[in-house]
Protein chains: 2
Amino acid sequence: MPHPKRLDPAAILDAALEIVEEQGSAGLSLRAVAARLDVKAPSLYNYFPDKAALEGAVIAASHRLMLETLRRHTRADDPETAFRQTAEAYLKLARKRPALYFFAMNHQTPGADSSPEGKLLWNFLLARVGALSGNPDDTDGAVAVWAFLHGFAVLERSGRFGKSGPKGGLARGLDALISQSLRLN
Amino acid sequence: MPHPKRLDPAAILDAALEIVEEQGSAGLSLRAVAARLDVKAPSLYNYFPDKAALEGAVIAASHRLMLETLRRHTRADDPETAFRQTAEAYLKLARKRPALYFFAMNHQTPGADSSPEGKLLWNFLLARVGALSGNPDDTDGAVAVWAFLHGFAVLERSGRFGKSGPKGGLARGLDALISQSLRLN
DNA sequence: GTCTATATGCGGATAGAC
DNA sequence: GTCTATCCGCATATAGAC
């Protein structure tokens, strides 16, 4: 057969994920994805209508990975311990897969979290904070926590601090947010 | 005269700043800057050795603007009030000039704040936090605050939250960080 | 000091052969 | 379903005329 089926959406997405992780968002081009699959760029259009669709799939995959990771590392029953496990896992992931993490977080996506994946991730975070503050729908608390975690991930990666690193700042922020939530409880 | 001097570094920088504000970082090209000055792109090389140099100037200008803005809006003597004024001014600037703010914050710049402008900005923030916690060199506190402010700016801009907005989350985070710092004092 | 012309490279996307 | 060929646009940067 001259042209057996060599592609499918999952394989294309996997290649795209690898490229983002290795080369950052700027490296994600249809040509690069195709090359990794030993295929030519136009073939990809049989599976994704355009580049934006592929980018959306990458973001959704990143959200899935984040949720899985947080779930896996959050095992404690005690709300505070569980919260700290979630926060730690969040930052660990941002360090381990920075390009993928920032690709998903920085992408100018109107309604980024109207996607099912984004909603699930948000709900998980909300549950951890809610268990802490005693308010199961503690939107404000979850926003504050998410802002801090993401901001910290950005600063940490920016290299703005010496080798000592901003680690002390992490404990400071988490303690502040936790003790306040406990006081609300 | 066939070719009187039409350019200077300040004018080029101003044009670059306008383009970033209007079109975002992706819109910043030498062609676009030159066009705004009614000049051709190669002429810019008489003033900036390459694009990276121009980008560095834009980042430094953004840091100067941030510091001026924070200074202008921070007038109170009371440390907590002063801190809240600084935080409010920070987020107001991020909302008013988002493209310029994020251009400076996101740019992968090793030693972004070894620049004089970055250092001055950091020192101002450190002083506001130090006045609050009673520790004039409260690096951890300043890191926590900066992380929260920047993270909040990102979330706010991402449109991840409904029209109600993440405002409540802002108060939550600031109150947590403030009351903790006061307790340390 | 500014210009034209050009080298060189990247990217997305489409038409049409096989 | 994949390919080749191509269109089109964008960019940084340089050489050399004026």
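So that the names make sense, note that chain A is the first sequence line, chain B the second, and so on, each numbered from 1.
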TODO: Under 4.0 Å from any atom of DNA chain C, heavy atoms only: list the residues of residues 21-30 of chain A that qualify, in numerical order.
DONE: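 Of all residues in residues 21-30 of chain A, the ones placing a heavy atom under 4.0 Å from DNA chain C are A:S29, A:L30.
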TODO: Tell whether A:R31 reaches the base of C:dG12 with its side chain through a donor-acceptor pair below 3.5 angstrom.
DONE: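 Such a pair exists between side chain and base.
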Counterpart residues, salt bridge (Lys or Arg N to Asp or Glu O under 4.0 Å), relative to [X] (two or more places apart):
X	result
A:E18	A:R36
B:K40	none
B:R84	B:E80, B:D175

- [ ] Any salt bridge (Lys or Arg N to Asp or Glu O under 4.0 Å) involving residues 54-78 of chain B? Give me the pairs, sequence neighbours left out, ordered by first then second residue.
- [x] B:K51-B:E55, B:R64-B:E117
TODO: Scan for salt bridge (Lys or Arg N to Asp or Glu O under 4.0 Å) pairs involving residues 126-144 of chain A, sequence neighbours excluded, and state none if there are none.
DONE: A:D138-B:R172
Open item on the list: In this structure, how many angstroms lie between the P atom of D:dG1 and the CG atom of A:L7, rounded?
Closed with: 10 Å
Task: Whole angstrom value for the distance that separates P of C:dG1 from CG of B:L37 - done: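 Atom CG in B:L37 sits about 15 Å away from atom P in C:dG1.
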Task: Which residues share a ring pair (Phe, Tyr, Trp, His ring centres under 6.0 Å) with A:F103, sequence neighbours left out - done: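 A:F103: ring pair (Phe, Tyr, Trp, His ring centres under 6.0 Å) contacts with A:H107.
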Open item on the list: Going by ring pair (Phe, Tyr, Trp, His ring centres under 6.0 Å), name the residues that satisfy it together with A:F83, two or more places apart in sequence or in a different chain.
Closed with: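 Per chain and number, A:F83 pairs via ring pair (Phe, Tyr, Trp, His ring centres under 6.0 Å) with no residue.
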Open item on the list: Counting only heavy atoms and a strict 4.0 angstrom limit, can you tell me which residues of residues 40-55 of chain B come near DNA chain D?
Closed with: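 Hits under 4.0 Å, by residue number: B:P42, B:Y45, B:D50, B:K51.
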- [ ] Determine whether B:N46 and B:L7 make a side-chain contact, defined as any pair of heavy atoms from C-beta on separated by less than 4.5 Å.
- [x] no
